[in-house]
Amino acid sequence: MSNQTSVTEFLLLGVTDIQELNPILFVIFFTIYFVNITGNGAILMIVILDPRLHSPMYFFLGNLACLDICFSTVTLPKMLQNLLSTNKAISFLGCITQLHFFHFLGSTEAMLLPVMAFDRFVAICRPLHYSVIMNHQLCIYMTVTIWIMGFFHALLHSVMTSHLSFCGPNHVHHFFCDVKPLLDLACGNTELNIWLLNTVTGTIALTPFFLTCLSYFYIITYLLLKTRSCSMLHKALSTCASHFMVVFLFYAPVLFIYISPTSGSSLDQDRIIAIMYSVITPALNPLIYTLRNKEVRSALNRKLRRWL
């Protein structure tokens, strides 16, 4: 990684400047992280072990659970360490690595959500053709494609950021290394980086969001026009509601962060919003799916009864 920089490490200033709050914040974020790992780990385990859940919907749900675990693990352990430590340094290579995996996993999840919405569209609107359209080969192909696209999207940002000149100061006003706070520290011209962030990352966020909303629009329209059974309508809408809740919790803060102008946003505001989609949302996803999904609840109950 060739870069023209005199900065060998960055200092992550964290969530707040009020040091007295750090122990309280540590307990809160550690609890959220524990819920995330436990909940998503349980979903991933159930999806793998229970043959009744070996369907496209739960295959994608397992991918989402895996992404949520990894996505939070990129930022939360370091943040927890910094909340209890006076040494908040992260090496230049460590910072670029964290930036890469944050955008890799985040953009992959952004592209996975419309795939999950498309799966629900086919299941509800084309039930007789579901097994033909959503075959195993197509599911694997779509999943591998979005993981690869996410990797190269992140590689673009990590390579471009690593080639910037950083000549000081090295204080990152964030709890992890992200493109926007690092651009504020760069000495050279960052116009291309800003354009890539707003255009490429904005497209990665907006296009899946539009496709996801389009799928749910067609689903709701189909249900209202075609379905005469109240119980079937309620079940389908309930499933869609849980999915759409995940979509809203993820996309709303992401769009606000990466579509808004780089120079016009508040650093404190960006940190709070980043906590929503990188810390809170991954922990809420398993609660949303397990509480609203009868099949997942039943599978968890069967496994718990067998172990106990």
Side-chain angles (χ1 to χ4, degrees), residues 40 43 47 53 55-68 71 105-135 138-139 141-143 145-147 149-150 201-259 273 276-277 280-297:
N40 283 301
I43 288 178
V47 167
L53 300 184
S55 65
M57 175 182 173
Y58 297 106
F59 172 72
F60 296 131
L61 180 57
N63 272 268
L64 180 64
C66 178
L67 279 168
D68 281 337
F71 190 44
L105 297 166
S107 58
T108 302
E109 181 164 340
M111 290 182 283
L112 177 64
L113 293 175
V115 173
M116 295 177 72
F118 175 73
D119 170 71
R120 290 301 85 207
F121 165 76
V122 177
I124 294 170
C125 302
R126 301 287 186 273
L128 298 179
H129 302 93
Y130 180 73
S131 59
V132 176
I133 297 173
M134 299 302 295
N135 58 74
L138 179 64
C139 293
Y141 175 77
M142 288 193 297
T143 304
T145 300
I146 60 177
W147 279 83
M149 288 177 64
T201 305
T203 302
I204 290 285
L206 273 175
T207 304
F209 178 68
F210 172 76
L211 293 174
T212 304
C213 291
L214 188 64
S215 293
Y216 286 122
F217 172 77
Y218 277 117
I219 289 172
I220 293 170
T221 303
Y222 175 85
L223 290 172
L224 294 176
L225 295 177
K226 300 288 185 179
T227 307
R228 300 185 182 278
S229 169
C230 291
S231 60
M232 184 179 175
L233 178 63
H234 179 267
K235 181 181 178 181
L237 287 175
S238 179
T239 303
C240 291
S242 63
H243 289 194
F244 197 76
M245 197 180 301
V246 170
V247 168
F248 177 78
L249 289 171
F250 182 80
Y251 282 118
V254 168
L255 291 172
F256 186 88
I257 286 281
Y258 294 108
I259 300 299
I273 295 172
M276 287 178 59
Y277 70 84
I280 297 174
T281 301
L284 288 178
N285 284 351
L287 297 177
I288 291 170
Y289 278 107
T290 53
L291 289 176
R292 299 188 64 91
N293 191 296
K294 185 179 179 181
E295 287 80 6
V296 175
R297 291 201 309 269

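Quick caveat: nothing in here was measured; it's all calculated off a predicted structure.
- With Thr212 contributing its side chain and Ala117 its backbone, the two residues share no donor-acceptor pair below 3.5 Å.
- Taking CZ of Phe217 as the start and CZ of Phe210 as the end, the distance is 10.5 Å to the nearest 0.5 Å.
- Note that the CH2 atom of Trp147 and the CD atom of Glu109 stand 9.5 Å from one another [nearest 0.5 Å].
- For the atom pair Ser107 OG and Ile146 CD1, the distance stands at 9.5 Å (nearest 0.5 Å).
- In this structure, the separation between CG on Leu113 and CZ on Phe250 is 6.5 Å, given to the nearest 0.5 Å.
- Atom OH of Tyr130 has more than 12 neighbouring heavy atoms from other residues, nucleotides or ligands inside a 6.0 Å radius.
- The residue from Leu112, Asp119, Asn285, Ile43 that alone fulfils the side chain to side chain contact (heavy atoms under 4.5 Å, CB included) condition with Leu61 is Ile43.
- Taking both residues in full, the closest heavy atoms of Leu249 and Leu284 are given as CD1-CD1, 4.0 Å, listed atom of the first, atom of the second, then distance.
- For Leu211 against Pro114, the heavy-atom pair with the smallest separation is CB-CB, 4.2 Å.
- What you find for Thr145 and Tyr141 is that their closest heavy atoms are OG1-O, 2.7 Å.
- Side chains of Phe71 and Thr108 form no contact here, defined as non-hydrogen atoms less than 4.5 Å apart.
- Contact detail for Pro286 and Asn40: the closest heavy-atom pair is CD-OD1, 3.5 Å.
- Rounded to the nearest 0.5 Å, atoms CD1 (Ile204) and CE (Met149) are 5.0 Å apart.
- Evaluation of the side chain to side chain contact (heavy atoms under 4.5 Å, CB included) rule for Ser55 yields Met57, Tyr58 as partners, not counting sequence neighbours.
- With values rounded to the nearest 0.5 angstrom, Phe121 atom CZ is found 8.0 Å from Ile133 atom CD1.
- Within the 4.5 Å cutoff, no side-chain heavy atoms of Phe59 are placed close to those of Met134.
- Taking the ring pair (Phe, Tyr, Trp, His ring centres under 6.0 Å) definition, one finds that Tyr251 meets it with Phe209, sequence neighbours left out.
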